[in-house]
Amino acid sequence: MTDPQLVLAERVQQALGAAFGPEHASEDPLIRPSQFADYQANVALSLAKRLRRAPREVAAEIAAHLDFPGTVEVSGPGFLNLTLSDEWIAGQAGDLLADERLGVPVSASKTVVVDYSAPNAAKEMHVGHLRTTVVGDALVRAHEYVGNKVVRQNHLGDWGTPFGMLVEHLLDIGETAAVAQLEAGEGNAFYQAARHKFDTDPDFNARARSRVVTLQAEEPETMRLWHMFMDATVRYFNKVYRLLGVTLTDDDIAGESMYRTALAQVCDDLQARGIAVISDGALCVFPPGFTGREGQPLPFMIRKSDGGYGYATTDLATIRYRVEELKADRIIYVIGVTQSLHLQMLFASARMAGWLPDNVEVEHVQIGSVLGSDGKMFKTRSGESVKLLDLLDEAVERAGQVLEDRGYDPALRTEIANKVGMGAVKYADLSVSHDSEYVFDFDRMLALTGNTGPYLQYATARIRSIFRTGGLAPADATGPITLGHPAERALALQLLGFGSTVDTVVSQSEPHRLCAYLFDLAQAFTAFYEVCPVLKAEDESTRRSRLALSAATLRVLLQGLEVLGIEVPDRM
RNA sequence: GCGCCCUUAGCUCAGCCGGAUAGAGCAUCGGACUUCUAAUCCGACGGUCGGGGGUUCGAAUCCCUCAGGGCGCGCCA
């Protein structure tokens with residue numbers, strides 16, 4: 001592990017043990033980035049009271065026992081300012097460059113089930129759905145990179161009463177026309193047309209209702225039509241996934257329909273064990289700690305009074321499957337924040353049932369709502385809808401415009417524009433913390449300046465350009481790295497933090513941490529680029545060192561962007 | 001009524017396991033291209049961290065309270 005923060009933590013702990021006895025050797029040294037040094041250790045301040053000694057005295061004691069590659073000084077009320085030696089930083093950066101994995105250990109081999117994307121085929125789909133897909137895919141990639149076994153679960157909304165209406169509408173407009181419309185991403189219009197007839201046409205309404213019955217009974221002709229509807233819809237989903245470079249495939253589909261035969265068993269099991277009880281004719285679980293309007297226990301309804309099942313039942317069956325069949329160690333739900341209460345009750349109910357053992361971690365990665373420019377929930381009512389494919393097309397088109405006078409041939413230009421446009425859209429979703437709300441804004445999303453995907457892509461293009469101009473390959477740049485200029489030092493130090501950043505993304509489910517890290521790295525590189533000539537360095541050893549720094553930066557940027565799921569063009 | 005989340009620079013957002021003078025991008029203003037891609041860089045401007053109280057040597061960060069906003073709360077998924 002090359003991360004300076006971990007190295008320093010270990011060394012300061014050793015000093016603590018040496019100075020104050022072994023009982024203090026496991027104290028958290030509170031290593032933090034510092035504006036006065038590379039890092040600072042704040043442990044002396046917190047420890048002073050317990051030791052009943054002056055903080056500065058404690059700090060001095062630690063400093064006296066501290067052995068690490070750098071210099072320490074006591075500062076202010078008792079901070080330890082830690083400055084690493086150039087030689088150590090250079091050595092670590094060299095190790096990172098030589099390391100296939102860039103200082104990211106293959107830490108764990110847990111089975112992680114990630115539930116993400118999950119578009120509903122029977123509901124409007126809008127730009128908000130991009131976010132769960134993009135964030136989920138980045139998390140999946142991060143887990144795989146650190147060695148976890150990932151099972152993607154695309155929990156499609158592909159079953160339930162709305163499908164009676166949708167199947168009837170499919171028949172009304174004809175199979176060929178329906179399939180064409182669905183494949184083209186007009187599912188929203190399809191749904192709305194069906195809905196309208198359902199609400200206003202008594203005859204259609206009756207047909208839709210009886211169609212639900214034949215669907216539930218899995219009558220062959222109805223199932224054929226349902227498959228036709230779903231297949232066309234999935235082809236559209238796949239089109240969006242491929243365009244975005246999302247790793248989901250048909251193998252990852254585990255929709256609601258998959259669990260339809262398990263629902264009765266879920267209810268029977270829970271009722272037989274007294275975990276679920278009849279309330280107002282419905283079968284409900286009352287997990288402790290959840291109260292409703294009048295302080296009454298809040299029900300988690302698993303069977304409606306009419307005998308039908310809701311998504312609570314399906315979700316319980318899903319947990320069972322993921323634990324028992326998929327052998328999950330950790331289950332991650334990348335789902336909108338509006339589902340928060342439902343998921344809390346789901347988890348609590350599953351724990352009650354014993355279907356979610358204590359050794360299986362479960363978490364809800366809350367995805368913030370997409371807001372319109374009015375600051376309210378972004379919803380596709382009348383007219384306001386932005387089609388997903390149109391949005392992506394526009395992103396690519398805008399990226400292409402910037403490339404106008406670069407002199408690339410059309411094919412190359414299209415390829416670059418695709419990667420830059422998609423990168424811009426995805427980075428916009430990833431760079432903000434996942435639980436914060438998101439004001440949908442074409443211009444900001446597609447802006448190609450600032451803390452954006454294109455900025456990071458551009459940094460890699462400039463590095464590649466150095467090697468191309470010099471007729472060199474990044475893989476041949478092996479150093480050794482030496483640090484003379486402050487910009488070289490800052491860049492090298494920044495490189496060392498990659499491993500712990502990826503670690504944080506995995507443990508905290510926060511891809512935006514990686515965005516922030518990569519942005520800092522790109523900035524550190526461009527600062528270096530401005531003041532440190534690489535190819536025309538003053539001497540050969542400096543040139544070799546700077547080439548090595550450039551190569552290391554390139555590899556970390558590329559690897560980081562790959563974890564985020566952002567493709568990178570060779571030139572821009 | 002109950003529960004969860006949010007309120008940080010003109011705008012969009014980081015920071016929130018308590019640490020020194022609260023950061024970044026955009027916007028605005030001023031600079032830098034005969035030099036490896038200027039989709040860049042450097043500098044300046046800009047904040048009672050929603051209000052109040054508390055804990056602490058120290059609070060944007062933890063606790064309480066108030067205000068404003070969002071979301072959810074039995075038969076839609």
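The basis for the numbers below is simple: all heavy atoms, side chains too, and nothing from hydrogens, waters or symmetry mates. Quick caveat: nothing in here was measured; it's all calculated off a predicted structure. Every chain is numbered from 1, with letters handed out A, B, ... down the list of sequences.
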Once side-chain contact (heavy atoms from CB on, under 4.5 Å) is applied, do any residues pair with Asn418(A), and if so which ones, sequence neighbours excluded?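 Applying side-chain contact (heavy atoms from CB on, under 4.5 Å) to Asn418(A) gives Val396(A), Thr414(A).
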Quick one: list whatever passes side-chain contact (heavy atoms from CB on, under 4.5 Å) with Asp570(A), sequence neighbours left out.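 By the side-chain contact (heavy atoms from CB on, under 4.5 Å) rule, Asp570(A) matches Arg464(A).
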Mind checking ring-ring contact (aromatic ring centres under 6.0 Å, His included) for [X] and listing every partner two or more places apart, or none if nothing turns up?
X	value
Tyr321(A)	Tyr259(A)
His196(A)	none
Tyr39(A)	none
Phe525(A)	Phe528(A), Tyr529(A)

Rounded to the Å, how far apart are [X] [atom1] and [N] [atom2]?
X	N	atom1	atom2	result
Gln35(A)	rA24(B)	CD	P	11 Å
Phe286(A)	rC73(B)	CZ	P	16 Å
Leu456(A)	rG25(B)	CG	C1'	12 Å
Phe525(A)	rA39(B)	CZ	C1'	15 Å
Asn451(A)	rG15(B)	CG	P	12 Å
Gln344(A)	rC71(B)	CD	C1'	13 Å
Phe79(A)	rG58(B)	CZ	P	13 Å
Tyr427(A)	rU12(B)	OH	P	19 Å

Using only heavy-atom distances, determine whether the side chains of [X] and [Y] contain a donor-acceptor pair under 3.5 Å.
X	Y	answer
Gln366(A)	Ser340(A)	yes
Thr526(A)	Tyr455(A)	yes
Ser257(A)	Asp158(A)	yes
Ser500(A)	Asp503(A)	no
Glu363(A)	Ser509(A)	yes
His342(A)	Asp315(A)	yes

Taking the side chain as every heavy atom from C-beta outward, state whether [X] and [Y] have any pair of such atoms under 4.5 Å apart.
X	Y	result
Thr318(A)	His155(A)	yes
Tyr517(A)	Gln494(A)	yes
Glu256(A)	Leu156(A)	no

Between the protein and nucleotides 75-77 of chain B, are there any N/O to N/O pairs under 3.5 Å, and if so, what are the atom names and distances?
unit_1, atom_1, unit_2, atom_2, d
rC75(B), O2, Ser305(A), N, 2.7
rC75(B), O2, Ser305(A), OG, 3.1
rC75(B), N3, Ser305(A), OG, 3.1
rC75(B), N4, Asp280(A), O, 2.8
rA77(B), OP1, Lys304(A), NZ, 2.8
rA77(B), O3', Glu256(A), OE1, 2.9
rA77(B), O3', Glu256(A), OE2, 2.8
rA77(B), O2', Asn120(A), ND2, 3.2
rA77(B), N6, Tyr311(A), OH, 2.7
rA77(B), N1, Tyr311(A), OH, 3.4

What contact category does [X] fall into here, base, sugar-phosphate, or nothing, at under 4.0 angstrom with non-hydrogen atoms?
X	value
Leu403(A)	base
Arg513(A)	sugar-phosphate
Asn81(A)	base
Ala461(A)	base

Filtered N/O pairs between nucleotides 5-9 of chain B and protein, under 3.5 Å:
none

Does [X] have a side-chain nitrogen or oxygen under 4.0 Å from the phosphate oxygens OP1 or OP2 of [N]?
X	N	answer
Tyr455(A)	rC41(B)	yes
Gln523(A)	rG25(B)	yes
Ser436(A)	rA14(B)	yes
Arg32(A)	rU61(B)	no
His364(A)	rC4(B)	no

Between rG72(B), rG74(B), rU40(B), which nucleotide has the shortest distance from any of its atoms to the side chain of Thr526(A)?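 Of the candidates, rU40(B) comes closest.
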Short of 4.0 Å, heavy atom to strand atom, which residues of residues 41-51 of chain A count as contacting RNA chain B?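 Of all residues in residues 41-51 of chain A, the ones placing a heavy atom under 4.0 Å from RNA chain B are Asn42(A), Leu45(A), Ser46(A), Lys49(A).
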Detail all sub-3.5 Å separations between protein N/O atoms and N/O atoms belonging to nucleotides 33-36 of chain B.
unit_1, atom_1, unit_2, atom_2, d
rU35(B), O2', Lys536(A), NZ, 3.3
rC36(B), O2, Val534(A), N, 3.4
rC36(B), O2, Leu535(A), N, 3.0
rC36(B), N3, Val534(A), N, 3.0
rC36(B), N4, Tyr529(A), O, 2.4
rC36(B), N4, Cys532(A), O, 3.1

Could you name each residue pair satisfying salt bridge (Lys or Arg N to Asp or Glu O under 4.0 Å) that touches residues 419-434 of chain A, not counting sequence neighbours?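 Counting only pairs at least two positions apart or across chains, the salt bridge (Lys or Arg N to Asp or Glu O under 4.0 Å) contacts touching residues 419-434 of chain A are Glu415(A)-Lys419(A).
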Please determine if Glu61(A) and Arg53(A) form a salt bridge, counting it only when a charged side-chain N lies under 4.0 Å from a carboxylate O.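 Between Arg53(A) and Glu61(A) there is a salt bridge, with a charged N closer than 4.0 Å to a carboxylate O.
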Going by modelled atom types, is there a donor-acceptor pair between the base of rA20(B) and the side chain of Gln40(A) at under 3.5 Å?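 Side chain to base: pair found, below 3.5 Å.
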Give the dot-bracket line for RNA chain B from 5' end to 3' end: parentheses for intra-strand Watson-Crick or G-U pairs under 3.5 Å, square brackets for crossings, | for inter-strand pairing, dots for unpaired. (((((((..((((.....[...)))).(((((.......))))).....(((((..]....))))))))))))....
